Amino acid sequence: MVDEMSDERGDDMDDDGFGTYGDIPGGGRNTAVVARAKPKTKKPSLYRVLVLNDDYTPMEFVVYVLERFFNKTREGATRIMLHVHQSGVGVCGIYSYEVAETKVAQVLDLARRNQHPLQCTMEKE
Ligand code: TYC
């Protein structure tokens with residue numbers, strides 16, 4: 001058991017070299033704390049939300065999903081839907097992890113409740 005007030009050598013020397021005021025910021029010396037000039041920030045990773053083609057989901061339902069959850073115009077939504085229909089997959093939008101996750105869940109929930117097999121997923125950009 002090491003007493004808080006003593007050190008490993010068991011003597012009573014204050015080892016920080018700054019006298020007996022080690023608990024005071026700056027150790028009692030005339031010091032100042034300078035903030036970083038540029039705070040370190042991290043851009044959030046982005047995720048693509050993808051919709052997949054299938055043989056059964058009605059085109060109109062996919063267009064509706066793109067309008068409702070991805071804020072597409074009727075024209076934009078139709079273009080994406082047709083691209084997915086022809087190529088197999090398409091990007092609905094690009095979001096932070098949490099937003100992408102929510103949108104995927106909303107699409108899958110609406111599709112399930114309407115008994116459509118529409119699949120939606122996300123991938124890191
Ligand atoms: N292939 C579907 C059909 O012919 C339409 C469709 C388009 C389905 C896009 C899903 O993500 C999709 N009814």
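Model, not experiment: these values are computed from the prediction. Both ligands and their constituent atoms are indexed starting at 1 by order of listing.
Between the side chain of H116 and the backbone N or O of F61, no donor-acceptor pair lies under 3.5 Å. D54 places a side-chain N or O within 3.5 Å of a backbone atom of Y56 that can act as its donor or acceptor partner. Side-chain atoms of T57 come within 3.5 Å of backbone atoms of L118 as a donor-acceptor pair (strictly under, hydrogens ignored). A donor-acceptor pair under 3.5 Å is formed between the side chain of K103 and the backbone N or O of F69.
Near M59, meaning under 4.0 Å from any of its heavy atoms, are these atoms of ligand 1: 5 (C). Distances below 4.0 Å separate heavy atoms of D54 from the following atoms of ligand 1: 1 (N), 2 (C), 8 (C), 10 (C). For ligand 1, the atoms sitting less than 4.0 Å from at least one non-hydrogen atom of T57 are 2 (C), 3 (C), 5 (C), 6 (C), 8 (C), 13 (N), numbered in the order shown with element in parentheses.
Partners of I80 by side-chain contact (heavy atoms from CB on, under 4.5 Å), not counting sequence neighbours, listed by chain and number: L66, K72, V84.
Residue, atom and distance of the protein heavy atom nearest to atom 4 (O) of ligand 1 are H85 CE1, 3.1 Å.
Residue nearest to atom 8 (C) of ligand 1, selected from V51, N53, L118: N53 (by heavy-atom distance). The heavy atom nearest to atom 10 (C) of ligand 1, out of those in L52, V84, L50, is found in L52.
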